[in-house]
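Only a predicted model underlies this, so the values are computations on that prediction, with no experimental measurement involved.
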Number of protein chains: 2
Amino acid sequence: MTQGDQIWAVDALQALGHETRLSVFRMLVKAGPDGLMAGEIAQRCGVPASTMSHHLANLERAGLATSQRESRVIRYRADYAGMRQLLAFLMEDCCQGDPLLCADFSEIVSCKP
Amino acid sequence: MTQGDQIWAVDALQALGHETRLSVFRMLVKAGPDGLMAGEIAQRCGVPASTMSHHLANLERAGLATSQRESRVIRYRADYAGMRQLLAFLMEDCCQGDPLLCADFSEIVSCKP
DNA sequence: CCTTTATTTCGATTATACTCGAATTATCGA
DNA sequence: TCGATAATTCGAGTATAATCGAAATAAAGG
């Protein structure tokens with residue numbers, strides 16, 4: 001793994017290392033492919049729109065969310081590819097796939113034949 | 001999952017969301033059960049001892065490292081249980097075990113029958 | 001005891017992040 | 001074109017984090 005790889009991982013981890021942003025990301029995962037409008041996210045979190053805009057931009061920069069304008073609203077979705085990369089990094093590069101760290105997840109991931 | 005559960009996850013994510021600390025954690029994983037002395041960690045990272053001490057305390061508070069004094073030195077080890085909890089949180093609570101997010105990991109984790 | 005070594009804690013500075021109202025941009029519908 | 005609406009960007013204040021030398025603590029060995 002290169003030095004650069006760790007950099008984006010740091011960005012992604014830092015993005016999720018904030019209560020509001022972690023909530024937002026989970027909200028987006030729960031919302032699924034439809035995602036959520038920026039305004040509704042702000043409202044649900046009880047945070048001013050301008051503040052939320054920064055958090056959403058942060059998540060997007062970190063590769064954990066995508067945005068798409070639809071006429072007047074902007075729809076945010078969880079970026080599954082980014083999250084998958086982060087999880088892969090944590091399990092492979094960071095933890096070296098060590099069974100001590102990762103073995104328990106065989107039940108969580110869909111690996112039943 | 002409770003509100004409190006997310007709080008420690010935020011702490012752990014934030015702890016890893018820093019270049020030096022992420023490097024240290026990976027270093028500790030690589031070092032295995034023997035761990036590393038505080039001094040050597042600082043030296044390897046090219047960071048003053050006092051600065052590193054804060055980072056190590058941060059990782060320990062976040063449940064990602066443990067420390068143990070051995071006569072004059074202090075040995076740090078990766079906290080596997082904490083990291084497992086974090087990975088479990090990210091896959092289960094955060095991503096809802098969604099195959100879209102987690103399916104790829106069936107090869108990484110040791111789930112071959 | 002006193003010195004040396006390893007580490008932490010203190011104290012103070014600097015840097016970065018967070019927050020939010022106000023101003024701005026983009027889009028739609030009348 | 002003119003509001004009205006949804007969102008972002010700006011600007012400025014506040015808070016939190018990072019940094020590092022100096023001082024304090026802990027332990028070992030003369």
Surrounding CD of Gln43(A) (heavy atoms of other residues, nucleotides or ligands, distance under 6.0 Å), is the total greater than 12? no
Send over the distance from [X] [atom1] to [N] [atom2], rounded to a whole Å.
{"X": "Ile74(B)", "N": "dT8(C)", "atom1": "CD1", "atom2": "C1'", "answer": "7 Å"}
{"X": "Gln68(B)", "N": "dA27(D)", "atom1": "CD", "atom2": "C1'", "answer": "15 Å"}
{"X": "Ile41(A)", "N": "dA6(D)", "atom1": "CD1", "atom2": "C1'", "answer": "13 Å"}
{"X": "Arg44(B)", "N": "dA6(C)", "atom1": "CZ", "atom2": "C1'", "answer": "17 Å"}
{"X": "Gln43(A)", "N": "dT5(D)", "atom1": "CD", "atom2": "P", "answer": "14 Å"}
{"X": "Met52(A)", "N": "dA6(D)", "atom1": "CE", "atom2": "P", "answer": "16 Å"}

Kindly indicate whether the side chain of [X], heavy atoms from C-beta on, has any atom under 4.5 Å from the side chain of [Y].
{"X": "Leu87(B)", "Y": "Met91(A)", "value": "yes"}
{"X": "Gln14(B)", "Y": "Leu16(A)", "value": "no"}
{"X": "Cys45(A)", "Y": "Met27(A)", "value": "yes"}

DNA chain D-proximal residues of residues 33-40 of chain B, any heavy atom under 4.0 Å: none
Give a yes or no on whether the backbone of Val47(B) and the side-chain of Thr51(B) come within a donor-acceptor separation of less than 3.5 Å. no
Counting just side-chain N and O atoms, does Tyr76(A) come under 4.0 Å of either OP1 or OP2 of dT8(D)? yes
Assign a letter to each nucleotide of nucleotides 23-30 of chain C from its 5' end: B, base within under 4.0 Å of a protein heavy atom; S, sugar-phosphate only; -, no contact. ----BB--
With sugar-phosphate taken as primed atoms, P, OP1 and OP2 and all else as base, the protein-contact string of nucleotides 9-18 of chain C at under 4.0 Å (heavy atoms; B, S, -) is BB------SS
For [X] versus [Y], what's the shortest heavy-atom pair and its separation?
{"X": "Ala9(A)", "Y": "Leu86(A)", "result": "O-CD1, 4.3 Å"}
{"X": "Leu28(A)", "Y": "Tyr76(A)", "result": "CD2-O, 3.4 Å"}
{"X": "Ala15(B)", "Y": "Ala62(B)", "result": "CB-CB, 3.7 Å"}
{"X": "Ser67(A)", "Y": "Glu60(A)", "result": "OG-OE2, 2.8 Å"}

Can Arg26(A) and Gln96(B) be counted as having a side-chain donor-acceptor contact under 3.5 angstrom? no
hydrophobic_cluster_shared for Met37(B) and Ile41(B), side chain cutoff 4.5 Å: no
